[in-house]
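Just below is one structure, and these are the notes that go with it.
Naming: A, B, ... by sequence-line order, numbering from 1 per chain.
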There are 2 protein chains.
Amino acid sequence: MVFTEPQHCSIDLRLRILSRLPFFKDLPAKAVEEINRHFVEMDYQRGERIYTAGDPAERLYVVADGKVRLLQHAESGKDVLLGILGSGEFFGNLAALGTAVHIDTAEAHTPICALSVRSEDFRQILDEHTGLALRALEVLGERLSAANQRVLLISAMPVDRRIAFMLLEISRKFGRQEEMGLLIDMPLSRDDLAEMTGATPETVSRVLSQLQSGGVITSGRQWIAITDRQKLEAQAGA
Amino acid sequence: MVFTEPQHCSIDLRLRILSRLPFFKDLPAKAVEEINRHFVEMDYQRGERIYTAGDPAERLYVVADGKVRLLQHAESGKDVLLGILGSGEFFGNLAALGTAVHIDTAEAHTPICALSVRSEDFRQILDEHTGLALRALEVLGERLSAANQRVLLISAMPVDRRIAFMLLEISRKFGRQEEMGLLIDMPLSRDDLAEMTGATPETVSRVLSQLQSGGVITSGRQWIAITDRQKLEAQAGA
DNA sequence: TTCCTTCCATGATTCAGATCAGATAACTGC
DNA sequence: GCAGTTATCTGATCTGAATCATGGAAGGAA
């Protein structure tokens, strides 16, 4: 079970990513091409930091290929994994105007290729193409909704339910049907899950062991597959 | 210590609120007047529900006078208080387009007067006045940032720090300097704080008692005043 | 292969905070 | 002022999950 992905993307991929973005979908091809000129390609190794919370938010990014981790850290050293982004998703400060700083930290969860644009340029693009800002609003709205959901999850549910819930969430986004079940198509460690659910790796390990012996999931080193979605949903809901 | 507020706002207040909104600040007075025509006034009693999560998001609101609670509820019955909004703040689905539903529940924390506009009308306003959408983006960005902060708080800090932190946060927004200290200018029960910090009312009560005997705060039934901000910050930071 | 590092499982123990249970004290309506 | 209700305090107990500790297994580099 190895997850290898190319570390840079072709010129072709680049334009295709941009034009397929829900974001730019309704724009004429010519406009997308014009917009494309403002983007530059940036590649990162697994684990590499793209930006850190507190840095001035000078650029905005789109994942072209690979997965990106968004996290928030406490002075205690404990990190919280806010989410994992896949191809086509924005990160950086979508609302960046002027002198804003990044509110989260982004790092490469797998080797990634990202497209990046200067905040000012993006702002200008928003200005020129009315309607795009509304799209941006939608994206932010969804993120806000997810974050609120998360607060509820962590502050009102026991760990085992949180973990079950999170697995469902992740599988919905990154699941790929395989013989063994619905495989989560990226490296996902116990630590990752712990940072997402506000638990410790030990606890996550225990809960996963239990799920595994219950026939709900199959898992190994850095990978998890859901074999019985029904049961998992029951676990999350009850 | 009683908190009474008028339950409806004058016609005059209404226009003043709108024109002073950071949101509409840069628009010509004429435009604001025009926009004003789309808004209607709505009054609510304390505790009254304005909308519930899952309802279709047909309207958008601005607090004219009073305080509004935004909350999210779990099936377990446990509620999470996402935030309390004061005069001039938006609520409802700022990103509402088409058939969206409310992601949270809003209720009157005090008697309130709200201004409300149909989502479609608001959307049209955004379309007509380029620049407004960027403002909306800023607002959502701030909320997202706050929500992420909250996730970090709850999943990486012990209760006493969470409560201290939350008190600072609230006082920053609703604090009013009085002889006794920095009074939080609205009813605020132990239950409210519990729902904001993911704790139980009993625990909140204990922590507040401790803060009070430490001379950090003074409190009574539904009110809290900060007498020693320095100490409170120490409590929140260490 | 063998070393070495990283990830994972699982047991034992501890502890922060929830839960349960009364006892006061403050407001409300009459 | 009195009764009833709602908010608060505080103690006693319990428990979910963290912490501490250790062994094992999977992959990477030479």
Side-chain angles (χ1 to χ4, degrees), chain A residues 1-4 45-47 74 76-81 109-111 153-164 166 184 186-214 217-225 235, chain B residues 1-4 45-47 74 76-81 109-111 153-164 166 184 186-214 217-225 235:
Chain A
M1 191 72 42
V2 186
F3 299 89
T4 49
Q45 307 291 327
R46 174 164 195 190
S76 70
K78 211 173 194 176
D79 282 2
V80 171
L81 185 45
H109 184 63
T110 66
L153 197 72
I154 295 178
S155 59
M157 275 159 66
V159 232
D160 50 349
R161 290 191 55 189
R162 299 211 293 269
I163 293 171
M166 192 57 70
I184 290 169
M186 66 176 174
L188 186 67
S189 69
R190 309 297 183 259
D191 285 50
D192 292 333
L193 271 174
E195 287 181 348
M196 286 198 238
T197 55
T200 57
E202 290 96 326
T203 299
V204 172
S205 179
R206 277 181 247 272
V207 172
L208 290 188
S209 293
Q210 207 182 307
L211 288 175
Q212 184 138 18
S213 54
I217 64 169
T218 314
S219 75
R221 193 187 168 92
Q222 305 235 54
W223 63 269
I224 300 174
Q235 178 80 218
Chain B
M1 189 74 40
V2 187
F3 300 88
T4 50
Q45 306 290 328
R46 173 166 194 187
S76 69
K78 210 173 196 176
D79 282 1
V80 171
L81 185 44
H109 184 64
T110 66
L153 198 72
I154 294 178
S155 58
M157 274 159 66
V159 234
D160 50 349
R161 291 189 55 188
R162 300 211 292 270
I163 293 171
M166 192 57 70
I184 290 169
M186 67 178 171
L188 185 68
S189 70
R190 308 300 183 257
D191 285 51
D192 292 332
L193 270 174
E195 287 181 346
M196 286 198 240
T197 55
T200 56
E202 291 96 326
T203 299
V204 172
S205 180
R206 277 181 247 271
V207 172
L208 290 188
S209 292
Q210 206 181 308
L211 287 174
Q212 183 139 21
S213 52
I217 64 168
T218 314
S219 76
R221 194 188 168 93
Q222 307 233 56
W223 64 269
I224 299 173
Q235 179 79 216

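- Across the protein-nucleic acid pair, B/Gln222 atom CD and D/dT8 atom P stand 5 Å apart, rounded to whole Å.
- Side chain of A/Ser205 to backbone of A/Pro201: no donor-acceptor contact under 3.5 angstrom is found.
- Atom CD1 of B/Ile154 is separated from atom P of D/dA18 by 15 Å (rounded to the nearest Å).
- Per the geometry, CZ belonging to B/Arg46 stands 11 Å off C1' belonging to D/dA7, to the nearest Å.
- Atom OG of B/Ser76 and atom CE of A/Met157 lie 8.5 Å apart (nearest 0.5 Å).
- With A/Arg162 as reference, A/Thr197 is the one residue of A/Thr197, A/Thr203, A/Val207, A/Leu193 to meet the side-chain contact (heavy atoms from CB on, under 4.5 Å) rule.
- As a whole-Å value, the separation of A/Arg190 CZ from D/dA25 P is 15 Å.
- Counting any heavy atom pair closer than 4.0 Å across all strands shown, B/Pro158 reaches sugar-phosphate atoms only and no base atom.
- Two residues, A/Ala199 and B/Leu208, neighbour DNA chain D, and the one matched to the more 5' nucleotide by heavy-atom proximity is B/Leu208.
- Rounded to an integer number of Å, the gap from CG of B/Leu211 to C1' of D/dC9 is 15 Å.
- Contact annotation: A/Arg221 does not reach the phosphate of D/dG27 (side-chain N/O to OP1 or OP2, under 4.0 Å).
- When the side-chain nitrogen and oxygen atoms of B/Thr200 are compared with OP1 and OP2 of C/dA18, one or more of them lie within a distance under 4.0 Å.
- Between C/dT10 and A/Arg206, no contact under 4.0 Å exists linking OP1 or OP2 to a side-chain N or O.
- For the pair A/Trp223 CH2 and D/dA26 P, the computed distance is 12 Å after rounding to whole Å.
- Residue A/Glu202 places its side chain closer to D/dT19 than to any other of D/dA18, D/dT8, D/dT19.
- Between A/Thr203 and D/dA17, a side-chain N or O to OP1/OP2 separation shorter than 4.0 Å is absent.
- Contact of the A/Asp160 side chain with the A/Gln210 side chain is not registered, since no non-hydrogen atoms from C-beta on lie closer than 4.5 Å.
- Rounded to an integer number of Å, the gap from CD1 of A/Ile163 to P of C/dA9 is 12 Å.
- Rounded to a whole Å, the NZ atom of A/Lys78 is 11 Å from the C1' atom of D/dT19.
- Between B/Ser209 and D/dT10 there is a side-chain N or O to OP1 or OP2 distance below 4.0 Å.
- Among the heavy atoms of the strands lying under 4.0 Å from B/Ser205 is at least one base atom, whether or not backbone atoms are also near.
- For the pair A/His109 (side chain) and A/Leu188 (backbone), a donor-acceptor distance under 3.5 Å is absent.
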